[in-house]
Amino acid sequence: MYLYNVTLILEDAAAQEWLQWMQETHIPQVMATGMFVSNRLLKVVDSPNEGVTYCAQYVVDSLENYNQYQEIFAPPLQTELNERYKNRFVAYRSLMEFIG
């Protein structure tokens with residue numbers, strides 16, 4: 001099992017709109033791909049960064065599903081994010097393996 005983590009640091013002015021968009025639109029679109037088995041959205045409470053920091057996390061059961069998501073589904077979903085919130089966020093993406 002793997003955890004795909006997307007950390008986003010948003011401008012304060014964009015945070016509430018982004019949060020609503022994530023919950024109502026983006027996360028359901030990601031989950032509708034069928035590549036992930038679960039997800040969660042977290043707010044970082046002790047971030048040293050300016051703005052508001054969130055982590056969107058998705059659990060995937062195989063590297064094959066993760067790679068398929070990245071090749072087929074991620075590009076248009078990331079394009080939509082970039083267009084909606086252009087110059088209002090920074091994103092960091094990582095893949096982690098469950099070991100215990």
Side-chain angles (χ1 to χ4, degrees):
M1 300 285 279
Y2 298 87
L3 179 74
Y4 174 47
N5 182 79
V6 183
T7 300
L8 292 104
I9 305 167
L10 295 128
E11 292 180 353
D12 288 325
Q16 189 58 43
E17 177 190 332
W18 175 88
L19 181 60
Q20 182 175 351
W21 175 76
M22 281 293 286
Q23 293 172 320
E24 294 177 1
T25 304
H26 187 76
I27 291 174
Q29 289 174 332
V30 171
M31 295 307 293
T33 67
M35 298 294 106
F36 299 100
V37 297
S38 66
N39 71 279
R40 68 182 142 248
L41 183 60
L42 304 105
K43 182 177 180 181
V44 178
V45 295
D46 65 350
S47 176
N49 304 302
E50 289 187 26
V52 183
T53 303
Y54 289 96
C55 294
Q57 299 182 336
Y58 306 92
V59 175
V60 60
D61 59 5
S62 69
L63 285 177
E64 291 77 18
N65 283 353
Y66 172 77
N67 289 331
Q68 186 175 358
Y69 173 79
Q70 288 298 330
E71 292 169 17
I72 298 170
F73 301 106
L77 291 169
Q78 289 176 5
T79 296
E80 183 179 359
L81 170 68
N82 291 332
E83 289 174 357
R84 286 184 71 93
Y85 299 98
K86 185 175 183 170
N87 300 322
R88 299 170 76 191
F89 76 97
V90 176
Y92 303 95
R93 295 171 176 87
S94 56
L95 181 67
M96 296 169 262
E97 182 177 11
F98 286 93
I99 57 172

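Treat the numbers as computed from the prediction; the structure is a model and nothing was measured.
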Legend entry - Separation between CE of M1 and CD1 of I99, rounded to the nearest 0.5 Å: 14.5 Å
Legend entry - Residues that, via side-chain heavy atoms closer than 4.5 angstrom, fall in one hydrophobic cluster with V45: none
Legend entry - Residue of the set F36, Y4, Y2 for which ring-ring contact (aromatic ring centres under 6.0 Å, His included) holds with Y66: Y4
Legend entry - L19 with L77, same ILVMFWY side-chain cluster at under 4.5 Å: yes
Inset, instruction - Not counting sequence neighbours, list each pair that qualifies as a side chain to side chain donor-acceptor pair (under 3.5 Å) and has a residue in residues 32-44. - result: R40-Q57
Inset, instruction - Determine, using the 4.5 Å side-chain heavy-atom cutoff (strictly less than), whether V37 and Y58 are members of one ILVMFWY cluster. - result: no
Legend entry - Heavy-atom pair of closest approach, residues R88 and A14: NH2-CB, 3.2 Å
Legend entry - Under 4.5 Å side-chain linkage, directly or through intermediates, the cluster mates of I9: V90, Y92
Legend entry - CG on L10 to OG1 on T53, rounded to 0.5 Å: 8.0 Å
Legend entry - Hphob cluster co-occupancy, V59 + I27, side-chain heavy atoms under 4.5 angstrom: no
Inset, instruction - Output, in order, the C-alpha distance, side-chain angles, deciding distance and verdict of side chain to side chain contact (heavy atoms under 4.5 Å, CB included) for N65 and N67. - result: CA-CA 5 Å; N65 283 353; N67 289 331; over 6 Å; no
Inset, instruction - List the steps and the verdict of side chain to side chain contact (heavy atoms under 4.5 Å, CB included) for W18 and H26. - result: CA-CA 10 Å; W18 175 88; H26 187 76; over 6 Å; no
Inset, instruction - Give a yes or no on this: more than 12 heavy atoms of other residues, nucleotides or ligands lie within 6.0 Å of atom CD of Q78. - result: yes
Legend entry - Y54 reachable from M31 in the ILVMFWY side-chain graph, under 4.5 Å edges: yes
Inset, instruction - Grab the two heavy atoms, one from P28 and one from E24, that are nearest each other, plus how far apart they are. - result: CG-O, 3.6 Å
Inset, instruction - Find out if a path of hydrophobic residues (ILVMFWY) with successive side-chain heavy-atom gaps under 4.5 Å connects V6 to L3. - result: no
Inset, instruction - State, to 0.1 Å, how close C55 and V44 come at their nearest heavy-atom pair, and which atoms those are. - result: SG-CG2, 4.0 Å
Inset, instruction - Step by step, work out the side chain to side chain contact (heavy atoms under 4.5 Å, CB included) result for L81 and F89. - result: CA-CA 10 Å; L81 170 68; F89 76 97; 3.7 Å; yes
Legend entry - Value rounded to 0.5 Å, distance of CD in Q16 from CH2 in W21: 14.5 Å
